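To keep things clear, I will list the structure first and then write my remarks on it.
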Amino acid sequence: MKREKVSQIISRIDEKYIDEAAGIALDSGRETSGGRAAPAEPAKRRARRVRWGALAACAALVLVMGSAGVAFAAEAKEYRTAVAFFEENGLSKEGLSRTEVKEVFRDITRKSFTYSKTADVIRRAVPGWEIAQDEPTPEELAALWDRNVWLRPLSRNGISYRVDYREVRDQQRDIDVLDKGLLSCYRCGELLWSAELDFYVDGYAYTKEGTAVWGWNESSFTQGTSYGWIARIDEQGTVLWQRRLEHGFRTEQVAAVLSNGDGTWAVIGRGDLKYLCLTCYDTDGNERSFHKTEVGNLGVWNAARLGDGYIVQLGHQMTGDTALLFRLDRDGHVVDSYAYEADDCKYYLTDMVEFGGRVYLSAYAVPPQTDEGGRHEIANILDYIFSRWEESKGDWEIPSEELTPLVRDNYTAVLLVCDPEGGAPETFYSVKGSLGGKLGVNDADQLEWEVESVTSTFFSPATSSFTVGGTCKVFRYTFDRDGALLQQTDTGETAPYHR
């Protein structure tokens with residue numbers, strides 16, 4: 001794990017806890033004074049533009065979302081805040097007294113990481129990562145806490161996974177390199193198994209043939225080559241096989257692994273930054289076929305079964321184009337393509353699935369934006385912040401109470417229900433202030449759509465990987481095979497937001 005100084009994560013803890021911790025401390029002080037490749041073929045079809053009207057055209061889902069006595073009240077308030085903080089961040093209070101819970105809360109929110117109990121609490125919150133020292137430094141605890149904050153909490157419903165890595169130092173190159181990738185599987189939050197892999201894990205999927213895992217590992221650091229990897233893990237966590245993809249590319253990436261229902265897997269990925277690839281493997285890890293199609297410099301992000309073929313999402317992150325779909329036949333040939341656009345918003349697709357003979361696309365819509373350094377989704381928000389900064393003569397502080405409504409107004413989660421033949425949306429559901437999340441089919445043969453409702457945010461201008469971060473509350477919507485909404489569920493889970 002890369003080390004970070006405590007000061008580098010100052011903006012990544014929910015501002016409400018920092019403010020509240022500081023306020024409580026002040027109040028307390030005042031009150032108590034104490035197969036082989038086929039030839040490459042270019043994709044000849046131009047994407048048909050699927051026009052879709054304003055979001056208001058269809059029905060939307062709307063989320064309705066004495067001195068001793070004074071000292072005692074302040075203490076009770078702080079303890080309630082600390083307990084809420086523990087629950088939101090997946091921390092365990094086991095073995096801690098009331099006072100110790102508050103001390104750990106203060107230690108984390110004040111970014112000091114020096115209290116003796118904090119290390120044990122953080123260790124338990126991040127399974128699979130072992131701290132080598134008996135007494136980790138505050139910087140190491142800060143880095144571990146930062147990593148925990150940005151992990152999505154384990155699902156309390158069904159199968160979920162968590163990824164970690166064990167790295168070793170390459171003394172010759174003076175860098176950390178992969179020793180083993182670690183994948184842990186949970187059911188309803190309880191650990192089922194953990195497995196070691198020879199690659200960095202990019203994704204995973206639960207299939208009837210076992211867990212499919214995919215990722216990459218570098219072949220030659222100096223030559224800049226890397227290979228895609230896939231693995232099959234059984235129900236007991238045994239790695240049955242892992243294979244390196246070798247199709248003559250300098251770089252090959254895996255985007256998705258899909259079960260074909262006949263014991264074979266379709267591996268969909270990208271080769272040399274310009275080819276859309278489909279490889280078929282049997283249950284023993286033998287390659288059965290391979291096909292590549294030249295599509296240009298487009299990322300391959302997602303895929304789903306569609307009849308006897310597949311639907312694949314492609315896009316370009318720098319241009320913000322994420323709503324381009326290709327239909328492939330069983331052999332990997334492109335048979336159609338289309339893109340989704342609207343006059344009053346831009347769509348960002350996040351997941352897809354075939355269900356009940358229709359294609360369901362999870363997405364979120366963002367109003368037209370100006371361009372602020374490639375932050376296409378939040379350019380208008382950044383314009384507001386920069387204008388505010390100029391008016392305040394250099395004050396970057398913007399409270400969550402002011403920033404969060406701006407972020408919520410910027411997003412609408414959308415579930416598009418599409419005709420599988422022509423790709424045109426037949427209807428959709430939308431939720432304001434939210435982002436569309438994962439799609440899946442549960443054991444009752446019902447479609448589940450996760451929606452991430454933005455609940456808190458913070459501005460972090462000094463962070464390179466994002467500018468606005470925050471937390472979302474996860475709701476789950478359930479539909480029958482006819483597309484009718486059955487219920488809404490508050491999952492009690494949270495998801496990170498960072499753009």
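In this text, all values refer to a predicted model and were calculated from it rather than measured experimentally.
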Handout entry: Cationic N near anionic O, under 4.0 Å, Glu354 to Arg305
Key = no

Handout entry: Counterpart residues, salt bridge (Lys or Arg N to Asp or Glu O under 4.0 Å), relative to Arg243 (two or more places apart)
Key = none

Practice task
Name all pairs fulfilling the salt bridge (Lys or Arg N to Asp or Glu O under 4.0 Å) condition that reach into residues 260-275, sequence neighbours left out, sorted by first residue then second.
Solution key: Asp262-Arg330

Problem - Polar contact flag, side-chain donor to acceptor under 3.5 angstrom, Thr251-Ser226 - result: no

Practice task
Give a yes or no answer on whether the side chain of Asp482 reaches the backbone of Ala484 with a donor-acceptor pair at less than 3.5 Å.
Solution key: no

Exercise for the section: Identify whether the distance between the nearest side-chain nitrogen and carboxylate oxygen of Arg244 and Glu246 falls below 4.0 Å. Expected result: yes

Handout entry: Side chain to side chain, Phe85 and Leu91, heavy atoms closer than 4.5 Å
Key = yes

Problem - Under 3.5 Å donor-acceptor, Tyr281 side chain and Ile230 backbone - result: no

Practice task
Assess the pair Phe479 and Tyr429: is the distance between their ring centroids shorter than 6.0 Å?
Solution key: yes

Exercise for the section: Examine the side chains of Glu252 and Tyr227 and answer whether a donor and an acceptor come within less than 3.5 Å of each other. Expected result: no

Problem - Nearest heavy-atom neighbours spanning Val366 and Tyr348 - result: CG2-CE1, 3.9 Å

Problem - Gap between atom CZ of Phe199 and atom CG of Leu183 - 0.5 Å precision - result: 8.5 Å

Problem - Closest contact, heavy atoms only, Ser184 versus Leu191 - result: CB-CD1, 3.9 Å

Problem - Glu452 and Tyr411: side chain donor to acceptor below 3.5 Å - result: no

Practice task
Rounded to the nearest 0.5 Å, what's the gap from CG on Leu192 to CD on Gln236? Could you check?
Solution key: 10.0 Å

Exercise for the section: Test Asp419 against Arg358 for salt bridge (Lys or Arg N to Asp or Glu O under 4.0 Å), laying out the working first. Expected result: CA-CA 6 Å; Asp419 168 28; Arg358 296 181 178 89; over 6 Å; no

Exercise for the section: Would you please indicate yes or no on a ring centroid separation below 6.0 angstrom for Tyr200 and Trp216? Expected result: yes

Practice task
Using salt bridge (Lys or Arg N to Asp or Glu O under 4.0 Å) as the criterion, list what pairs up with Glu196, not counting sequence neighbours.
Solution key: Arg166

Problem - Charged N-O contact under 4.0 Å between Lys180 and Asp198 - result: yes

Problem - side-chain contact (heavy atoms from CB on, under 4.5 Å) between Phe458 and Ser460, worked out - result: CA-CA 6 Å; Phe458 60 87; Ser460 183; 4.0 Å; yes

Handout entry: Derivation and outcome, side chain to side chain donor-acceptor pair (under 3.5 Å), residues Asn260 and Tyr310
Key = CA-CA 10 Å; Asn260 288 319; Tyr310 314 94; 2.7 Å; yes

Fill in the blank from the handout: For Ala256, the side-chain contact (heavy atoms from CB on, under 4.5 Å) test, sequence neighbours excluded, returns Ala303

Problem - Heavy-atom side-chain contact between Leu403 and Ile385 under 4.5 Å - result: yes

Handout entry: Between CD1 on residue Ile311 and SG on residue Cys418, distance to nearest 0.5 Å
Key = 7.5 Å

Practice task
Determine, for Glu450 against Arg476, whether the closest basic-nitrogen to carboxylate-oxygen distance falls under 4.0 angstrom.
Solution key: yes

Exercise for the section: Any chance you could measure Gln242, atom CD, to Ile233, atom CD1, to the nearest 0.5 Å? Expected result: 8.0 Å

Practice task
Please name the pair of heavy atoms, one in Asn410 and one in Gln369, separated by the smallest distance, quoted to 0.1 Å.
Solution key: OD1-NE2, 3.0 Å

Practice task
Please list, chain by chain and in numerical order, all residues satisfying side chain to side chain donor-acceptor pair (under 3.5 Å) with Thr207, sequence neighbours excluded.
Solution key: Glu209

Problem - Centroid-centroid under 6.0 Å between Trp229 and Trp241 rings - result: no

Exercise for the section: Would you give the length of the straight line joining atom OH of Tyr206 to atom CD1 of Ile159, rounded to the nearest 0.5 angstrom? Expected result: 5.5 Å

Exercise for the section: Return yes if some donor-acceptor pair links the side-chain N/O of Lys208 with the main-chain N/O of Gly261 below 3.5 Å, else return no. Expected result: yes

Problem - Contacts of type salt bridge (Lys or Arg N to Asp or Glu O under 4.0 Å), residue Asp331, not counting sequence neighbours - result: none

Handout entry: Distance (rounded to the nearest 0.5 Å) between Leu325 CG and Leu361 CG
Key = 6.0 Å

